[in-house]
Amino acid sequence: MSEYVNKIYEIVIEKDPEQPEFHQAVKEVLESLVPALERHSIFKKEKILERIVEPERVVMFRVPWLDDNDDIQINRGFRVQFNSALGPYKGGLRFHPSVYLGIMKFLGFEQIFKNSLTGLPMGGGKGGSDFDPKGKSNREVMKFCQSFMLELYRYIGPNVDVPAGDIGVGSREIGFLYGQYRKIVNQNDGVLTGKGLEYGGSLIRPEATGYGATYFAEEMLKIKGLNLKGKICTVSGSGNVAQYIVEKVNQFGGKVVSLSDSNGSIYDPEGINGKKYEYLLELKQIRRGRIKEYAEEFNVEYRPNKRPWDIKCDIAFPSATENEIEKADAQNLVDNGVIAVTEGANMPTSLEGTNIFLEAGVAFGPGKAANAGGVATSGLEMSQNAMRLSWPREEVDARLHEIMVNIHNTTYQVSKQYDKPGNYVLGANIAGFLKVANAMIAQGHW
Ligand code: NDP
Ligand code: 2IT
């Protein structure tokens, strides 16, 4: 069976040789699926792998906008509608200069299995642009979002495709995008998630990815007879996901000692909490400043161009971007006695890094399981919009918690069924895949 899987992988590389991030995401999933394909011969016969690695549809478009000097700027926009077997395409929009088709496809591919794991009826998709919001005025960001939506609106809809945020797309951008969508279609149908509370957003959606990743970490620790209390945690990134991991880890009695951005990291051995945490939220959410300012304000170590992975910790939460834990970083973490690694970001660990964690017996929560709380709560936002009501904070949080516990238990059970107890990579890939594959078979060849 592994020969068959290798053949599929070679075809993927041959078709799009310039998309290494997509190859990496496919490789990880395919390798995990080998034992499942041996148990279920129908998937090969139905050519599920050949079908699942090919997006159902890819839209690429020009995004022209006027900057503050009245110069015309041109960016490229994308929406990859990867798989709709389980429901409307669902997944975030990323605005970052590194965005190209290969990044969009890796994220869309991951999203298929992640959304499947949530148990909610959502297919997988992803979109975005190579636009860089950094250093742009509010007005420029609005102009860009309006132009982006002027094209995207044709391809989305509450029963078709429901985008949300990701890197560079937060509540400000979702507001501008939704305002433009409504203006064009004259419908208040909630087509984006992550909306503001005043116009159809859900309580807890901003916090959901970070809270969910922390709930997932707590469940992995529980299996080992441990919990987060008193644990030293390193977190990378300092955006939406990282911020709410810090809050939840503090609530569970752990201590977060690092954060980072694309310029460097900070090390605060006393923990990022209390007034320092409030400062962080203001710095990042309102002033849009750099993490270096935290180090200056509180007189802690700033480490230019350095990731946090050489800092001794019990739990690591990579929550910035893909491949931020490479082989040497993973080895550092293991050598320093890390117990668990929970991926807040999408594919932050390289394949070599992942193997180092798995071989060392580290509890390793892959992104498609550990960070699924964000999209799950987006699913809850869709439900509330459809019913035209809003649930209280406690109710959304309780549902999020229940979903994360279920994802943990499902992935753990599947890892046991396949004789690799505690291998959450295998568990998440097989569990996520089986549901999608069965739904594809049931709906015929298309
Ligand atoms: P934000 O834009 O809010 O924050 C991103 C953070 O990561 C910033 O601190 C940013 O630093 C840093 N970062 C981004 N790119 C790089 C890079 N190339 N190198 C180093 N640091 C980088 O995004 P989110 O917090 O929403 O997303 C973080 C990760 O979580 C992404 O992988 C995303 O796909 C994933 N994710 C997000 C979900 C969500 O609901 N938002 C849900 C599930 C996963 P800087 O400011 O310098 O760019
Ligand atoms: O990667 C992700 O799961 C997200 N960026 C969130 C997607 C969503 O639709 O909420």
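Each ligand, and each atom within it, is numbered from 1 in the order the structure gives.
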Any chance the side chains of [X] and [Y] put a donor and an acceptor closer than 3.5 Å?
| X | Y | answer |
| --- | --- | --- |
| Y89 | N83 | no |
| K368 | N429 | yes |
| S378 | T193 | yes |
| K255 | N273 | no |
| E324 | S236 | yes |
| R62 | N75 | no |
| S265 | R303 | yes |

Residue, atom name and distance, where the atom is the protein heavy atom closest to [atom]:
| atom | result |
| --- | --- |
| atom 10 (O) of ligand 2 | S378 OG, 2.5 Å |
| atom 3 (O) of ligand 2 | K114 NZ, 2.8 Å |
| atom 7 (C) of ligand 2 | G92 N, 3.5 Å |
| atom 9 (O) of ligand 2 | K90 NZ, 2.6 Å |

Output, in order, the C-alpha distance, side-chain angles, deciding distance and verdict of side-chain hydrogen bond (donor to acceptor under 3.5 Å, both in side chains) for S350 and N323. CA-CA 5 Å; S350 69; N323 291 325; 5.1 Å; no
N-O pairing of E297 and K276 below 4.0 Å: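 No, no charged N to carboxylate O under 4.0 Å.
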May I ask you to check whether R205 has an N/O atom sitting below 3.5 Å from an N/O atom of ligand 2?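 Yes: some nitrogen or oxygen of R205 is under 3.5 Å from one in ligand 2.
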Does V162 reach ligand 2 with a nitrogen or oxygen that is under 3.5 Å from one of the ligand's nitrogen or oxygen atoms?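 V162 vs ligand 2: no N/O contact under 3.5 Å.
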Please confirm whether Q111 comes under 4.0 Å of ligand 2, counting heavy atoms of the residue only.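 Distance cut 4.0 Å: Q111 passes for ligand 2.
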Check each atom of ligand 2 against the heavy atoms of [X] and keep those under 4.0 Å away; list them by number with element.
| X | value |
| --- | --- |
| G91 | 7 (C), 9 (O) |
| A164 | 8 (C), 9 (O), 10 (O) |
| G165 | 4 (C), 5 (N), 6 (C) |
| K126 | 1 (O), 2 (C), 4 (C), 5 (N) |

Report the C-alpha distance between K248 and Q251 in whole Å, list the side-chain angles of each, state the deciding distance to 0.1 Å, and finish with yes or no for side-chain hydrogen bond (donor to acceptor under 3.5 Å, both in side chains). CA-CA 5 Å; K248 197 46 91 178; Q251 281 174 18; 2.7 Å; yes
Contact partition for L107 relative to ligand 2, non-hydrogen atoms under 4.0 Å: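 None of L107 does.
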Only heavy atoms count here, so choose which of D166, V241, I167 is nearest to atom 5 (N) of ligand 2.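 Looking at heavy atoms only, the winner is D166.
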Tell me, please, whether F109 has K114 positioned over its six-membered ring: NZ or CZ under 6.0 Å from the ring centre and within 45 degrees of its axis?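 Output no; distance or angle outside limits.
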Under 6.0 Å between ring centres, would you say that holds for Y302 and Y267?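 Ring-ring flag for Y302/Y267: false, centres at least 6.0 Å apart.
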Residue shell around ligand 1, heavy atom under 4.0 angstrom: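 Only R94, H96, K114, K134, D166, I167, G168, R205, T209, G237, S238, G239, N240, V241, S260, D261, S262, R290, S319, A320, T321, G344, A345, N346, N371 have heavy atoms that fall under 4.0 Å of ligand 1, ordered by chain and number.
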